Amino acid sequence: MATVELKNLCKVFDGGVKAVNEVNITINDKEFVVLVGPSGCGKTTTLRMIAGLEEITDGELYIDGTLMNDIPPKDRDIAMVFQNYALYPHMTVYENMSFGLRIRKYPKEEIKTRVHEAAQILDIEELLERRPKALSGGQRQRVAVGRAIVRKPKVFLFDEPLSNLDAKLRVQMRTELSSLHTRLQATMIYVTHDQVEAMTMGDKIVVLRDGLIQQIGSPLELYNNPKNRFVAGFIGSPPMNIITSMVKEEGGKIIADEGDFQIVLSGSMGDKLKSYVGKNVLLGIRPEDLVYMASPEKANNIKTSIEVIEPLGAEIHLWVSTKTHHFIVRVPPRWDFTVGDEANFKPDLNKIQFFDVGTEEAIL
């Protein structure tokens with residue numbers, strides 16, 4: 001397979017719209033990298049520049065150490081799986097999967113071998129004589145992936161391939177694509193706006209916003225140590241609660257004061273906020289890091305009112321509020337709640353995060 005390097009990659013469209021702004025990413029051999037972010041963040045444009053479908057305005061793209069800026073798509077040894085599958089409706093599954101090999105004049109026996117090997121991997125051998133209109137969405141997606149596999153490219157590119165599938169099938173296909181990566185030991189670059197897909201599939205995640213990289217890291221690294229407020233709110237479902245708090249020092253202790261409640265910080269957590277005494281900070285707490293207290297404690301107690309209850313079977317999501325803030329809490333199903341009830345929670349002090357109000361960067 002291959003490494004892929006993006007060095008100061010930029011894309012400016014007509015009118016001066018900068019869709020991608022000096023993106024630097026190194027994708028190692030056999031790595032599964034996910035580009036994730038909201039609509040319009042530049043992730044698909046970045047993928048299309050790697051594929052050669054968009055011209056690079058500035059910067060350099062290397063595949064296996066070779067500069068690819070001016071190399072046409074057909075000579076880059078990549079295969080792309082599109083959001084809409086892009087299957088030829090008049091061709092059978094076999095013909096769709098073999099098309100790329102046929103136009104490259106591969107021997108018929110080798111084409112047959114490669115198509116059947118890919119079909120066996122994807123469990124679509126019985127579909128080879130059907131046409132796309134006779135296939136379900138999931139089957140069409142497998143055919144599109146199979147068409148990429150038979151090419152045996154250096155790099156696989158996926159452009160939101162699961163977005164047209166229903167929720168159950170998306171979960172199944174996520175698992176199948178992850179398993180496929182393990183079997184093929186291939187370099188894969190995957191684009192999605194769904195952070196759950198990113199968290200469950202990627203070895204490495206690249207979070208993009210407005211054409212700029214916000215953070216690169218493993219799924220758990222981004223989840224546990226977000227670099228800024230945007231990453232903290234984007235990675236995680238439900239998202240992190242962000243609460244404005246005033247930093248105070250009382251009796252030698254550093255306190256984050258929300259107005260309705262106070263959190264007393266100790267050790268290194270308190271030390272890193274000393275320079276913020278008298279200033280507001282953004283306090284970040286994951287929904288699962290707020291522990292329900294059947295009997296409220298004096299220290300660090302957050303008294304709330306329950307506004308919405310979302311029972312999900314294995315867990316319950318509670319939308320709660322203080323006088324000044326609304327946030328979400330994830331609790332086990334053993335507790336019985338009613339809308340309008342008072343509920344007390346205590347934050348896990350080892351898990352809370354703080355962000356600068358002005359820069360929105362993490363306070364380290």
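Note that the structure is a prediction, hence the values are computed from the model and not measured.
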Do [X] and [Y] touch side chain to side chain, with heavy atoms closer than 4.5 Å?
{"X": "Q262", "Y": "E250", "value": "yes"}
{"X": "Q120", "Y": "H116", "value": "no"}
{"X": "V320", "Y": "F327", "value": "yes"}
{"X": "V115", "Y": "L128", "value": "yes"}
{"X": "V264", "Y": "N300", "value": "yes"}
{"X": "F230", "Y": "E360", "value": "no"}

Any side-chain donor near an acceptor of the partner, E54 and T45, under 3.5 Å: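 T45 and E54 do not have a side-chain donor-acceptor pair below 3.5 Å.
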Residues which pass ring pair (Phe, Tyr, Trp, His ring centres under 6.0 Å) with [X], listed by chain and number, not counting sequence neighbours:
{"X": "H181", "value": "F32"}
{"X": "Y88", "value": "F99"}
{"X": "F345", "value": "Y292"}

Contacts of type side chain to side chain contact (heavy atoms under 4.5 Å, CB included), residue [X], not counting sequence neighbours:
{"X": "V277", "result": "V247, E249, I254"}
{"X": "T324", "result": "E258, D260, T322"}
{"X": "D210", "result": "none"}

Looking only at atom types and distance, does a side-chain atom of [X] sit under 3.5 Å from a main-chain N or O of [Y], one as donor and one as acceptor?
{"X": "R229", "Y": "V357", "value": "no"}
{"X": "S98", "Y": "Y94", "value": "yes"}
{"X": "N28", "Y": "E31", "value": "no"}
{"X": "D356", "Y": "I363", "value": "no"}
{"X": "N241", "Y": "I328", "value": "yes"}
{"X": "D58", "Y": "N8", "value": "no"}
{"X": "D341", "Y": "T338", "value": "yes"}
{"X": "R174", "Y": "M201", "value": "no"}
{"X": "S218", "Y": "E221", "value": "yes"}
{"X": "N96", "Y": "R131", "value": "no"}

More than 12 heavy atoms of other groups within 6.0 Å of [X] [atom1]:
{"X": "R104", "atom1": "CZ", "result": "yes"}
{"X": "E55", "atom1": "CD", "result": "no"}
{"X": "D70", "atom1": "CG", "result": "no"}
{"X": "K272", "atom1": "NZ", "result": "yes"}

Salt bridge check, E197 against R170: does any charged N sit closer than 4.0 Å to a carboxylate O?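 Yes.
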Are K7 and E60 within salt-bridge range, i.e. N to O under 4.0 Å?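 Here K7 does not pair with E60 in a salt bridge, since their nearest N and O are not under 4.0 Å apart.
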Kindly give the heavy-atom pair with the smallest separation between [X] and [Y], and that separation in Å.
{"X": "K227", "Y": "Q215", "answer": "N-OE1, 2.6 Å"}
{"X": "A2", "Y": "V155", "answer": "CB-CG2, 4.3 Å"}
{"X": "G42", "Y": "L208", "answer": "C-CD1, 4.3 Å"}
{"X": "P333", "Y": "A314", "answer": "CD-O, 3.3 Å"}
{"X": "H193", "Y": "F234", "answer": "O-CZ, 3.7 Å"}
{"X": "T57", "Y": "K11", "answer": "OG1-CA, 3.4 Å"}

Interatomic spacing from [atom1] in [X] to [atom2] in [Y] - rounded to 0.5 Å:
{"X": "M80", "Y": "F158", "atom1": "CE", "atom2": "CZ", "value": "10.5 Å"}
{"X": "M240", "Y": "L283", "atom1": "CE", "atom2": "CG", "value": "9.0 Å"}
{"X": "I302", "Y": "I263", "atom1": "CD1", "atom2": "CD1", "value": "4.5 Å"}
{"X": "M68", "Y": "Y62", "atom1": "CE", "atom2": "OH", "value": "11.0 Å"}
{"X": "I27", "Y": "L6", "atom1": "CD1", "atom2": "CG", "value": "6.0 Å"}

Side-chain heavy atoms nearer than 4.5 Å, only ILVMFWY residues, links allowed to pass through others: does that put L165 and L180 together?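 Yes; L180 is reachable from L165 via cluster members.
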L290 with L265, same ILVMFWY side-chain cluster at under 4.5 Å: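 Yes, same cluster.
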From I56, L61, V23, residue fulfilling side chain to side chain contact (heavy atoms under 4.5 Å, CB included) relative to M49: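 Answer after filtering I56, L61, V23: I56.
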